[in-house]
Amino acid sequence: MITITMISTLLSSFILSTALLSPGASSRVFSGQSFTSMYYDCCKPACAWPTYGSFVSGLKTCDANDQPILDDTAGGYCGGGPASSCINQTPWAVNDSFSFGYASIFIRGADSTEWCCSCYELEFLDSEIKGKKMIVQGINVNFNEDQINWFSLAVPGQADWQSQCQRRFGGTFGEFFGKNATGFTNLTQCDTIPEELQAACRWRYTWYQDVKGPNATFKRVECPAEIVQVSGCLRTDDKTFNSSSSSAIPAVSILSPTSPFATIIAVAAVLLGFPHLLDLF
Ligand SMILES: *[C@@H]1O[C@H](CO)[C@@H](O)[C@H](O)[C@H]1NC(C)=O
Ligand SMILES: *[C@@H]1O[C@H](CO)[C@@H](O)[C@H](O)[C@H]1NC(C)=O
Ligand SMILES: *[C@@H]1O[C@H](CO)[C@@H](O)[C@H](O)[C@H]1NC(C)=O
Ligand SMILES: *[C@@H]1O[C@H](CO)[C@@H](O)[C@H](O)[C@H]1NC(C)=O
Ligand SMILES: *[C@@H]1O[C@H](CO)[C@@H](O)[C@H](O)[C@H]1NC(C)=O
């Protein structure tokens, strides 16, 4: 019973996603509601590849010593190449209710070329940080997830899935990115990672209050200069997209996102279909 409903939910999401994709889609604008989580993997962010969008200037990547890599086709660190994520593409608080940051994104019905280096304003809907806002730039693609809207914030101290951060920065599991790379559990542990990562690690326990997977609304905004200054990435449509033509994308499926039944089914689908996502929180 659950399985059949689950499959039909996944199927309807897939059909919707397919139906929404159309040629010349680059000017489409998205908003909606999303799940959120955190990640940190030291790989080359997908949006740094030139094929992931139309950019005035591309997303910066860095070598293992955090020196900029100028070639956007340079191989990714997790595939044995030199290009890793630059250390400063991590969150910082502007004041108690507003932060900037970077995210790995999936938006249902959209193509990664539409969110790469787009900026979104997030407003958290629940938990201790309800009402707080962030503006994040999409730097990566949630390849793990393709059924629900998902913003995963890049925050050092989160699970180091492929042990590539351990390779890049040294250290051991348990001392570096949490016991068995499952991520940190308290603020004190931020003292144990390289100094240049510590401020962003502490952001999680201070501004973000270490909440687990808050939900948020998202809407596309023009990228603030502060964000572009750090990431280097600017889309060709960043000044020209029409925010009032925004398509609202429900978080999970074509069923009403406010229906508790739809939510339960969608969450069950996610938990059963993508168990590894649980560990991202
Ligand atoms: C926090 O900063 C944001 C962005 O600059 C601003 O819009 C907001 O008014 C500020 N809030 C407070 C409480 O200072
Ligand atoms: C960490 O991994 C080791 C080796 O696989 C295992 O023996 C240990 O129980 C794990 N610790 C935790 C806290 O999961
Ligand atoms: C933080 O977590 C580490 C690892 O689990 C533990 O050894 C340490 O006592 C904790 N510190 C505090 C202040 O809770
Ligand atoms: C986010 O929404 C899901 C589905 O409605 C819910 O299960 C979860 O508890 C929410 N997260 C928080 C932190 O409240
Ligand atoms: C933006 O989109 C809205 C809604 O589709 C439309 O009414 C408006 O004319 C558009 N503005 C521009 C400048 O294209």
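All ligand and atom numbering here is 1-based and tracks the order in the structure. The shown structure was predicted, so the numbers you read here are calculated from the model rather than taken from an experiment.
Cys78 SG to Gln164 CD: the interatomic distance, rounded to the nearest 0.5 Å, is 4.0 Å. Distance check, rounded to the nearest 0.5 Å: CZ of Arg108 to CZ of Phe106 gives 8.0 Å. Asn215 contributes atom CG, which lies 11.5 Å from atom NZ of Lys130 (distance to the nearest 0.5 angstrom).
Remark: Thr90 pairs with Tyr40, Pro156, Ala200 by the side chain to side chain contact (heavy atoms under 4.5 Å, CB included) rule, at least two apart or across chains. Residues satisfying the side chain to side chain contact (heavy atoms under 4.5 Å, CB included) criterion with Ser34, sequence neighbours excluded, are Asn149, Phe151, Phe218.
On a distance-only criterion, Lys212 and ligand 4 share no N/O pair closer than 3.5 Å.
Contacts classified as ring-ring contact (aromatic ring centres under 6.0 Å, His included) and involving residues 41-95 (residues at least two apart or in different chains) are given here: Trp92-Phe100.
When the SG-SG distance for Cys201 and Cys190 is compared with the 2.5 Å cut-off, it comes out below that value.
Taking every non-hydrogen atom of Asn186 and a distance limit under 4.0 Å, the qualifying atoms of ligand 3 come out as 1 (C), 2 (O), 3 (C), 8 (C), 10 (C), 11 (N), 12 (C), 14 (O). Each of the following atoms of ligand 3 lies closer than 4.0 Å to a heavy atom of Thr188: 13 (C).
Residue-level contacts of ligand 1 at the 4.0 Å heavy-atom threshold are Val94, Asn95, Ser97, Phe98.
Taking the ring centroids of Trp203 and Tyr208, they lie under the 6.0 Å cut-off.
Counting heavy atoms under 4.0 Å from ligand 3, residue Thr185 touches it through the side chain alone.
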